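Here's the structure, in structure tokens; my notes come after.
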There are 2 protein chains.
Amino acid sequence: MIEKPKEKQRQRAPSQRSLATRERILDAAEQLFSEHGFDGASIRDIASKAGVQGALVNHHGGSKEDLFFTVVARRAGVLAEHRLAALEARKTEDEADLRGILSAFIGPFLELTTHSGPQWRAYGRLIAHVSADERWRPISEVCFDPTAQVFTSELSRVLPGASPRQIGAGFVFMVSAILSLSTSTWRIGDLSGSADTDDLMQTLLDYCEAGFRAIGSPG
Amino acid sequence: MIEKPKEKQRQRAPSQRSLATRERILDAAEQLFSEHGFDGASIRDIASKAGVQGALVNHHGGSKEDLFFTVVARRAGVLAEHRLAALEARKTEDEADLRGILSAFIGPFLELTTHSGPQWRAYGRLIAHVSADERWRPISEVCFDPTAQVFTSELSRVLPGASPRQIGAGFVFMVSAILSLSTSTWRIGDLSGSADTDDLMQTLLDYCEAGFRAIGSPG
DNA sequence: GTCTATAATGAGATAGAC
DNA sequence: GTCTATCTCATTATAGAC
């Protein structure tokens, strides 16, 4: 199950080749989990994509659920750091108003998932799976809730007229809209050029900022 | 595959008992597909929940993919009718402004999925699966795109300043926010009472209306 | 750490009796 | 239309040689 990160004490440091293999396996798992979901991606497919034997996947990743957890957690820290750093930067420049907070949350995610290569792009879709399936709630709690709490606190500060429940609802609406850019781009149209994605980010920011303002101001 | 609704010519009308069995199977499939997704729900589990033998599921539903299609399509017509009727009602009363259009789209969905029993509640989650997985795009095109086109046309009419792409983006944001109420209610809090859900619907409407206005107005 | 081989289970689908 | 029985295949996971 998903109990812990379970950091076994190792006898000695793993070799470089071992680490490289492990990374290949995690990359393959990231892509296939993001495309087909947990149940739709098989260990065999992952092993095949990584160019290794099936047994190696279990050796490096443990059970399938452990592997899924590992893949999600691998980039969660980086994403959280980018978001919190962006938030701090806004604060020190006195730009931590509503739009500044939303930018700090949305910007790093879109920057990473659209401009940082196919693995990060897959990771965006992967988060959508984690977020949609209550089965992965323990993963969410560990990987994403801490950051979410920081941002909802900030939102409550700049929107004193909104109840915690309204802030929570608005936050869920925003997250689902963000993730829809990773999963439903085909509904809006191809996003090949950077100009298009930046355009879409502005539209998303405008949408969410106005939405939050409507929630925060009295009826 | 998902080619067609494939209406085989029957020799004679099915018996009442047969129809009842078929409904039980579809109900069970609806619940399990909505909870665990297509790959996570097995034919065996569906048969067990419906209280029939496994072979009957294939007999009534065809292949697993056919069964999924059938379940999604079963209520799609009702949902579409409610939405289009609500839209027409607004138009004849000269209330087809932005908020009226959004209400006609959101209201029937929330009414059905929160106040019309567990099957409709499951159907809401089911649509979230269909919408998130590109694999079901053919189903979306048949079941939901026609209604979506009607509403995006209306939105373009009342928001002449927004490009089709912006309307499309806003529509995707809105749909993802609506569906998040079916999948992520545990993130916002329990929705036991009707008052709570009505409250949430107002919040959602405020959020989306403001968001669309921000998209539709220059700068 | 990596491989081959295989165990153990569960999946979707069908044949054929009733 | 319904059931029993079964086919065929894919799945996760592990045992053990190297």
Side-chain angles (χ1 to χ4, degrees), chain A residues 1-3 6-33 35-71 135-136, chain B residues 1-3 6-33 35-71 135-136:
Chain A
M1 287 305 264
I2 318 171
E3 298 302 323
K6 61 151 70 172
E7 196 82 24
K8 266 193 222 166
Q9 278 199 352
R10 294 178 194 276
Q11 304 299 350
R12 54 169 171 273
S15 70
Q16 289 237 341
R17 174 175 158 183
S18 170
L19 286 176
T21 301
R22 182 187 146 95
E23 289 300 302
R24 278 213 318 281
I25 290 172
L26 294 185
D27 285 350
E30 189 168 56
Q31 288 208 312
L32 291 177
F33 280 145
E35 286 172 22
H36 307 117
F38 179 80
D39 296 305
S42 73
I43 297 282
R44 288 167 131 77
D45 292 342
I46 292 170
S48 170
K49 193 174 188 77
V52 301
Q53 294 312 105
L56 268 188
V57 176
N58 289 101
H59 179 75
H60 285 279
S63 76
K64 195 182 177 186
E65 287 194 338
D66 287 341
L67 175 63
F68 189 78
F69 184 100
T70 301
V71 171
R135 167 191 203 175
W136 307 123
Chain B
M1 287 305 270
I2 317 171
E3 298 302 323
K6 63 152 68 170
E7 198 83 23
K8 265 193 223 166
Q9 278 199 350
R10 296 178 195 274
Q11 305 298 349
R12 56 171 170 271
S15 71
Q16 289 237 341
R17 172 171 163 192
S18 169
L19 286 176
T21 301
R22 181 187 147 96
E23 289 301 303
R24 279 214 316 284
I25 290 171
L26 295 185
D27 286 350
E30 190 169 55
Q31 289 208 313
L32 291 177
F33 280 146
E35 286 172 21
H36 307 117
F38 179 81
D39 296 303
S42 73
I43 297 281
R44 288 168 137 79
D45 291 342
I46 292 169
S48 171
K49 191 174 190 80
V52 301
Q53 295 310 106
L56 268 188
V57 176
N58 289 104
H59 179 75
H60 285 280
S63 74
K64 194 181 178 185
E65 287 194 339
D66 287 339
L67 175 64
F68 189 78
F69 183 100
T70 301
V71 170
R135 166 190 203 174
W136 307 123

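Only a predicted model underlies this, so the values are computations on that prediction, with no experimental measurement involved. Quick note on labels: first sequence line is chain A, next is B, and so on, each numbered from 1. As a basis for the values below, the full set of heavy atoms in this structure was taken, side chains included, without hydrogen atoms, waters or symmetry mates.
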Rounded to whole Å, please give me the gap between [atom1] in [X] and [atom2] in [N].
X       : N      : atom1 : atom2 : answer
B/Asp39 : D/dT12 : CG    : P     : 11 Å
B/Asp45 : C/dA11 : CG    : P     : 6 Å
A/Phe38 : D/dT11 : CZ    : P     : 13 Å
A/Arg22 : C/dG1  : CZ    : C1'   : 14 Å
B/Gln16 : D/dG1  : CD    : C1'   : 15 Å
A/Phe68 : D/dT12 : CZ    : P     : 14 Å
B/Gln53 : D/dT2  : CD    : P     : 11 Å
A/Ile46 : D/dT12 : CD1   : P     : 8 Å

**Request:** For DNA chain C, determine which residues of residues 24-32 of chain B have any heavy atom closer than 4.0 angstrom to one of its atoms, and list them numerically.
**Result:**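 Nucleic-acid contacts, sorted: none.
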**Item:** Given D/dT2, C/dT2, D/dG1, the nucleotide with the shortest approach to the side chain of B/Pro14
**Value:** D/dG1
**Asked** Between D/dT12, C/dT2, D/dT2, which nucleotide gets closest to the side-chain atoms of A/Leu56?
**Response** C/dT2
**Request:** Could you tell me whether A/Asp39 and A/Lys64 have a side-chain N and a carboxylate O separated by less than 4.0 Å?
**Result:** no
**Request:** Pick base, sugar-phosphate or nothing for B/Ala47, based on heavy-atom distances below 4.0 Å to the nucleic acid.
**Result:**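 Counting heavy atoms under 4.0 Å across all strands, no contact is made by B/Ala47.
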Short N/O separations, protein against nucleotides 13-18 of chain C, under 3.5 angstrom:
unit_1	atom_1	unit_2	atom_2	d
C/dA13	OP2	B/Asn58	ND2	3.3
C/dA13	OP2	B/Lys64	N	3.0

**Item:** Listed once per pair and sorted, the side-chain hydrogen bond (donor to acceptor under 3.5 Å, both in side chains) pairs that draw on residues 43-53 of chain B, sequence neighbours left out
**Value:**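 side-chain hydrogen bond (donor to acceptor under 3.5 Å, both in side chains) check on residues 43-53 of chain B returns B/Ser42-B/Asp45.
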Could you go through residues 24-32 of chain B and list every donor-acceptor pair under 3.5 Å that involves a side-chain atom there, pairing it with any protein atom two or more places apart or in another chain?
unit_1	atom_1	unit_2	atom_2	d
B/Arg24	NE	B/Ala50	O	2.9
B/Asp27	OD1	B/Arg74	NH1	3.1
B/Asp27	OD1	B/Arg74	NH2	3.0
B/Glu30	OE1	B/Arg74	NH2	3.2
B/Glu30	OE1	B/Arg75	NE	3.3
B/Glu30	OE1	B/Arg75	NH2	2.8
B/Glu30	OE1	B/Gln119	NE2	2.5
B/Glu30	OE2	B/Arg75	NE	2.7

**Asked** Sequence neighbours excluded, which residues qualify as side-chain contact (heavy atoms from CB on, under 4.5 Å) partners of B/Ala47?
**Response**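 Here the qualifying residues are B/Val52, B/Val57.
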**Item:** side-chain contact (heavy atoms from CB on, under 4.5 Å) partners of A/Ser18, counting only residues at least two apart
**Value:**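 If we apply the side-chain contact (heavy atoms from CB on, under 4.5 Å) test to A/Ser18, skipping adjacent residues, the hits are A/Pro14, A/Ser15, A/His60.
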**Request:** Enumerate the residue pairs fulfilling ring pair (Phe, Tyr, Trp, His ring centres under 6.0 Å) with a member in residues 35-55 of chain B, sequence neighbours excluded, ordered by first and then second residue.
**Result:** B/Phe33-B/Phe38, B/Phe38-B/Phe68, B/Phe38-B/Trp136
**Message:** At less than 4.0 Å, is any side-chain N or O atom of A/Ser15 found next to OP1 or OP2 of C/dG1? Yes or no.
**Reply:**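 The answer is no; no side-chain N or O of A/Ser15 sits under 4.0 Å from OP1 or OP2.
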**Message:** At less than 4.0 Å, is any side-chain N or O atom of B/Thr21 found next to OP1 or OP2 of D/dT2? Yes or no.
**Reply:**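 Checking D/dT2 against B/Thr21, a side-chain N or O does come within under 4.0 Å of OP1 or OP2.
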**Asked** Which angle, to the nearest 10 degrees, lies between the helix axes at the two ends of the helix from C/dG1-D/dC18 to C/dC18-D/dG1, each defined by five pairs?
**Response**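 The angle separating the two end axes equals 0°.
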**Item:** Partner residues of A/Asn58 under the side chain to side chain donor-acceptor pair (under 3.5 Å) criterion, sequence neighbours left out
**Value:** none
**Request:** Under the side chain to side chain donor-acceptor pair (under 3.5 Å) rule, collect the residues that match up with B/Thr70, sequence neighbours excluded.
**Result:**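 Applying side chain to side chain donor-acceptor pair (under 3.5 Å) to B/Thr70 gives none.
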